[in-house]
Amino acid sequence: MATLSLRLSPHLPFPPTSTINSTSSKTNGIPPFVKYPVKTFSLREICREGKLREAFRSFGNDLTSPGHSYKPPDEAYSLILELCAAQKALSQGQQIHGHVLKSKSVADAVFLDTKLVFMYGKCGSLLDARKVFDEMLELNIFAWNAMIGACVGNDRPLGALELYKEMRMLDFPLDAHTFPSLFKACAAVEDLCSGCEIHGLTIKLGFLSNAFVVNSLVGMYSKCDDIPAAYQLFSRTSVREDVVAWNSLISAYAASGMSTEGLGLFEEMLYAGVTPSSYTFVPVLQACEEPALGKLGRGIHAIVLKSGRHLETHVANSLVVMYAKNNSMDEAARVFSEMKEKDNISWNSMLSGYVQNGLYEDALCVFSEMKILVQKPDQISLVSMLAASGRLRNLSHGMQIHAFSLKNKMDNDLLVGNTLVDMYAKCGRTDYMHFVFDRMPYKDSVTWTTAISGCARNNLPMKSLQLFREINVEKMEVDMLMIGSILLACSDLKCHSLVKEIHAYFMRRGLYDLVTENTLVKVYGDCKNINYACKVFKLIEFKNVVSFTSMMSSYVDNGLASEALELVPRMKENKIELDCVATLSILSAAADLSALRKGKEIHGFLLRNGFIIEGPVASSLVDMYACCGIVDDSYKVFSSTLNKDLPIWTSMISAYGKHGYGKVAIDLFRRLESENLVPDHITFLAVLYACSHSALVEEGKKVFESMQEEYKLKPWPEHYTCMVDMLARANYLEEAFHFVTMMKAEPTAAVWCALLGACRVHSNEKIREIAASKLMELDPVNPGNYVLVSNAYAATERWEDVEEVRSKMKGKELKKDPACSWIEVGNKFHVFVAHDRSHPESDEIKQNLDQITEKLVKGGGYVPQTKYVLHNVEEEEKVKLLTGHSERLAISYGLLNTTYGTPIRITKNLRVCGDCHNFTKLTSKYLKREIIVRDANRFHHFRDGVCSCGDFW
DNA sequence: GTAGGGTTAG
């Protein structure tokens, strides 16, 4: 009786759990609902309020109370199943399923089975849904719709379309609720064909007047990139007064990147007098995510505030995201702090916003705040935090998040796994990276790409290639990002044939985009194939700043700095703005050429445009000024840089070293140590170089020792070269030789070069012979080495040996670089090679030079030292050869064309010869001009007849 | 029907 009356009652009465207990039902034996007025406690109300625990407990108590006589009606089951579905409470839903099976009171099995299918679908258990569905004896349209919905909601759009086919085969009539799910399925697989077919059916069946159907159709067309069809539907049907239709189309525009059109439609909508809903604001704000539309976004914010919709979490979240994407994290934070209710999406939007704007520390702060406020971080929060840890190279923080993910069983998430792989790669821990990678249950192409680039970035190029091979075996799809990572590995290997192979591989597959092309320019440059780099660069249709920077840095790396500088005006022609990375390449080219004017121009550009001078930009400026001969300006940049990193200290030490201020360089090194910075290999190289060029042998030895003992750094071949050079120059030839024999590593050609070079100044026949033969053995294709060997023989007038070396060189068709010097006057470089007559002012230059030489011989004490002429010719001829050296031509030109009182700056591609050095010293004294010469090795500041190198170079 | 997450170049 009671059951029947209840089923008829619109408000199902259920006793609240808190007030009922087993004793009460035990003691009086009366079913509790009898005791309570029907209207007060209804399951409907409990369910409407979403109180699952309460609903479920009362439900459970009723069924488990000893002696209970209550049999829930179908509607009670239905209500609680819907609640389980809404709250994705699978285990509770399964329990209810158990009760349904046991219950003998179920009146409408088809009805409840349909609800079960629905519940399982919503709770993500597609298999259970399918099981119930398959076992149903009778199917109605609700069951079909529930099953189709379950497929769509659980990433099985093809399953939904299969069911649709079955329905059509059975000629089962579809209803208005079937279509939206089907269109969603078509959209998910971008199956425009099926979508159109089903669209035809809706017309045939007359469902096109249904707003839900139309809106889902609009959504389908937009997901399948057929915006015109979506728009046509919108304009043809009579849904223009329906805010939902507007929303669908605006969403379609926003989702396909047609922001302006979407915003235009929004304006039209306001004009048509349709009131926007929160569903309108979300896509409209999404359309404003491009930074160019930021201003508009603020305007929309004002409209949102007027409408009062900012109080809705969805809308406020969209505002946060819009500001984050517009690089206005301050605004985003303001909206966030004023939110009444924050959900995980709000927190995660803030986290990812900070990460995307590079404000990693802020992201870490938000995360700890989140944990304090008991907002449980989810997988998405972890992804942001791992990304922040990786980019900060903060291994310990990254590991903490990893531990958190393990503890909370979130490590199986694909994206968490991928970010973990990346985080460990960025922190240089490829061992942990592989640990995570190997244990990931599912991998996608991002996983592989991340691992490949992780290996490439951590100097494991062979491992990268191995992974790439595995991918091809696994038939995983290769995309452009993966190609980029592989190219990175090739670049590491400097293997030009491999790069060509990969180049052909992706050309064949049509995997070509700007990023890949730009990478290729750089990689060909790294592999010393500048011709290919140029070819690829020329073929890039729409070059951007990265294309130009890649080409410039390839030029610079291949010794073609002036070609790099020639690209700068071409960037301007193409209206491409310089950014700070591009300026690095230009500064490095300027440094190579001693192009002070260009360097200063870039410095000015950086200051004018508000670039913060720190990091690589600051060290490049230090280096540029030093290479242009103005070490004081290097120091100005150095001292005005607030956050001095290790590279800028190293650059400054190296600057002093080049200019022969060895003691200052060592002082700076001590200051660096006292600031608790840890010097690296490069720093030590700079210090040792400085010692070597200032004859600071004892200091150099100490530094070399501390490098190994204190800092536990294993010397590179370059460090040994520096030490040998230092000892040999200071005439400790025997000790230098001994040092070479005691080296832990095999001596490289450069080490023998250093030794041989010193033999020219401090003659030692035994060492010279050994060094010369070793050099020829280790590097027989470098023309410079032949010149060095030949010069060493020439210095002791062993002309037969000189001839032999020269003929060997000829036989191998090796040509040495001709010596050349240049000077920057006005806006131009004036380049001279020895005995050059090609300059338009050649006659004046020669005449001026002859006059100076004559004066120096007569009154300046200049005696040409013909031993520096390394050709076996007559004495008179030797003098002629000397006076035609390229640096003298450049000096003569400088004297003729620069104002008295300004220093003359000359750059030479080879080392200065002894006679020119003497000549320049005397010129500086006699003509009272400061002359600064940068040769292949270092700087010489000539003033009043003295050179800063102390005649030691 | 709405919002948040991972791998690319100099």
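Per chain, numbering begins at 1; letters A, B, ... match sequence-line order. This is a predicted model, so every value here is computed, not measured.
For B/dT2, the OP1/OP2 oxygens have no side-chain nitrogen or oxygen of A/Q286 closer than 4.0 Å. Between A/R457 and B/dT7 there is no side-chain polar atom (N or O) within less than 4.0 angstrom of OP1 or OP2. OP1 or OP2 of B/dT7 has at least one side-chain nitrogen or oxygen of A/R391 nearer than 4.0 Å.
Among residues at least two apart or in separate chains, salt bridge (Lys or Arg N to Asp or Glu O under 4.0 Å) pairs with a member in residues 547-557 of chain A are A/K522-A/D557.
Set against B/dA3, B/dG1, B/dG10, the side chain of A/N247 has B/dG1 as its closest nucleotide. The side chain of A/V416 has B/dG5 as its nearest neighbour among B/dT7, B/dG5, B/dT2. The side chain of A/S384 lies closest to B/dG5, out of B/dA3, B/dG5, B/dG10. When the nucleotides B/dA3, B/dG5, B/dA9 are ranked by their closest atom to the side chain of A/H314, B/dA3 comes out on top. Distance from the side chain of A/D422 is smallest for B/dT7 among the nucleotides B/dG10, B/dT7, B/dG5.
Between the side chain of A/N544 and the base of B/dG10, no donor-acceptor pair of N or O atoms lies under 3.5 Å. Taking 3.5 Å as the limit, the base of B/dG10 and the side chain of A/D579 contain a donor-acceptor pair of atoms between them.
Contact annotation for A/V545: base contact, defined as any heavy-atom pair under 4.0 Å involving a base atom. Among the atoms of the strands shown, only primed sugar atoms or phosphate atoms (P, OP1, OP2) are found under 4.0 Å from some heavy atom of A/Q356. Within 4.0 Å of A/T519, counting heavy atoms only, lie sugar-phosphate atoms of the nucleic acid but no base atom.
Taking the six-membered ring for Trp and thresholds of 30 and 60 degrees, A/Y253 and A/Y231 have ring planes inclined between 30 and 60 degrees apart.
A/D378 is linked by a side-chain contact (heavy atoms from CB on, under 4.5 Å) to A/N344, A/N348, A/I380, A/S381, counting only residues two or more places apart in sequence or in another chain.
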